[in-house]
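Position 1 is the first residue of the sequence, and the numbers go up from there. Note that the structure is a prediction, hence the values are computed from the model and not measured.
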Amino acid sequence: MLAPQRRPRSSSTRSMTPSASRRARLYKALFENRTPRRGSGGIVGPQDWLLYPALLAVLATLVLATDLPLPFGLDLPEPVWPVALAFAWPLIRPSFIAPILLGLMGLFLDYFWGAPLGFYVIGLMAVHAATLIIRSYIVGQDTWVVIGAYTFAVLLFFTLGVIMTTLDSGVVPRLISVFEQMLATWCLVVVVLILLERFLNSDVRFN
């Protein structure tokens, strides 16, 4: 009696052979379990969202402080760049490095703008602490919620500045100048939104 003929294996059957299974496992180990690249849901180091923005904030402060001739006798705006970082950093991720950098930038501003020692440090730390407290109410909310919270952060910073200046000198500072600098600092909300978009959910270790 003739032995029954074996039907040819289909492609789905061939894929279940031991050699194909080993190749599939090898492919998965090599390509599917790779560490994601930075910037596309990968690992983001502290230098990316802490150090580099801090250096850019210092550089921007130096550039805008230059006495460039502008038409109509206008001056370059001088926003307090670290305020945007003091607000954005706690939202991106709580970190013990952030207060250290804020303290260093505050000391730099104290020296650069001739303010009493600790003047800008206190203001930046107040913004950072307040944002850290309400972080859970802001993260994941609509953009307008972030803008509103940043507005209150700017108001807090400059209100503390006016109070400390008045206590230190006994004279209320020129409020028009304070408002101009406050408005310039508020415009840095664009920087805040860019940082949040870039780094808030960019590290797979915190997702």
Side-chain angles (χ1 to χ4, degrees), residues 39-41 44 46-65 74-106 108-109 113 119-165 173-203 206-207:
S40 60
V44 177
Q47 71 278 0
D48 296 308
W49 63 282
L50 289 172
L51 182 59
Y52 296 156
L55 293 177
L56 290 176
V58 172
L59 180 61
T61 301
L62 294 173
V63 170
L64 293 179
L74 298 176
D75 297 324
L76 288 174
E78 293 189 63
V80 186
W81 287 85
V83 172
L85 303 182
F87 177 80
W89 283 347
L91 298 182
I92 295 173
R93 196 168 305 125
S95 170
F96 69 91
I97 303 176
I100 297 175
L101 290 177
L102 289 174
L104 293 175
M105 286 189 291
F108 162 75
L109 293 179
W113 281 334
F119 178 86
Y120 284 100
V121 176
I122 294 174
L124 293 175
M125 290 300 180
V127 172
H128 182 271
T131 308
L132 192 60
I133 292 174
I134 63 174
R135 179 183 187 274
S136 59
Y137 299 99
I138 302 176
V139 174
Q141 297 298 321
D142 190 73
T143 302
W144 292 107
V145 176
V146 177
I147 295 175
Y150 179 71
T151 301
F152 282 110
V154 173
L155 288 173
L156 171 64
F157 178 84
F158 282 93
T159 300
L160 284 175
V162 170
I163 293 174
M164 288 188 292
T165 301
R174 189 168 176 264
L175 296 182
I176 293 298
S177 300
V178 173
F179 177 77
E180 291 175 352
Q181 191 175 31
M182 182 173 66
L183 181 61
T185 304
W186 182 85
C187 291
L188 298 181
V189 68
V190 177
V191 176
V192 171
L193 296 178
I194 291 174
L195 288 174
L196 294 180
E197 177 68 22
R198 175 67 178 84
F199 296 114
L200 183 57
N201 297 311
S202 61
D203 199 323
F206 297 91
N207 293 336

Taking every non-hydrogen atom, the tightest pair across Leu124 and Ala86: O-CB, 3.7 Å
Beyond-backbone contact of Tyr120 with Pro82, side-chain heavy atoms, under 4.5 angstrom: no
Minimum heavy-atom distance Tyr150-Trp186, with the two atoms named: CE2-O, 3.4 Å
CZ-CG distance between Phe179 and Leu175, expressed to the nearest 0.5 angstrom: 11.0 Å
Trp113-Phe119 aromatic ring centre distance below 6.0 Å: no
Where Pro94 and Arg135 come nearest, the two heavy atoms and their spacing: CD-NE, 3.8 Å
Nearest heavy-atom neighbours spanning Gln181 and Glu78: NE2-O, 2.9 Å
From Leu109 atom CG to Leu104 atom CG, the distance as rounded to the nearest 0.5 Å: 11.0 Å
Taking every non-hydrogen atom, the tightest pair across Trp89 and Ala98: CE3-CB, 3.7 Å
Residue Gln141 excluded, over 12 heavy atoms near CD under 6.0 Å: yes
Polar side-chain atom of Trp81 near backbone of Leu188 as donor-acceptor pair, under 3.5 Å: no
Candidate pair Asp48 and Tyr52, rule side chain to side chain contact (heavy atoms under 4.5 Å, CB included), full reasoning: CA-CA 6 Å; Asp48 296 308; Tyr52 296 156; 3.9 Å; yes
Approximate separation, where rounding is to 0.5 Å, of Thr185 OG1 and Leu155 CG: 11.0 Å
Pairwise distance CD1(Ile147) to CG(Asp142) - rounded to 0.5 angstrom: 8.5 Å
Check against side chain to side chain contact (heavy atoms under 4.5 Å, CB included), Leu85 and Met105: CA-CA 10 Å; Leu85 303 182; Met105 286 189 291; 3.9 Å; yes
Leu160 side, atom CG; Ile122 side, atom CD1 - distance, nearest 0.5 Å: 8.5 Å
Spatial distance of atom CG (Leu50) from atom CD1 (Ile92) [nearest 0.5 Å]: 7.5 Å
Heavy-atom pair with the smallest gap, counting every atom of Pro53 and Leu195: CG-CD2, 4.2 Å
Non-hydrogen side-chain atoms of Leu51 and Pro46 separated by less than 4.5 Å: no
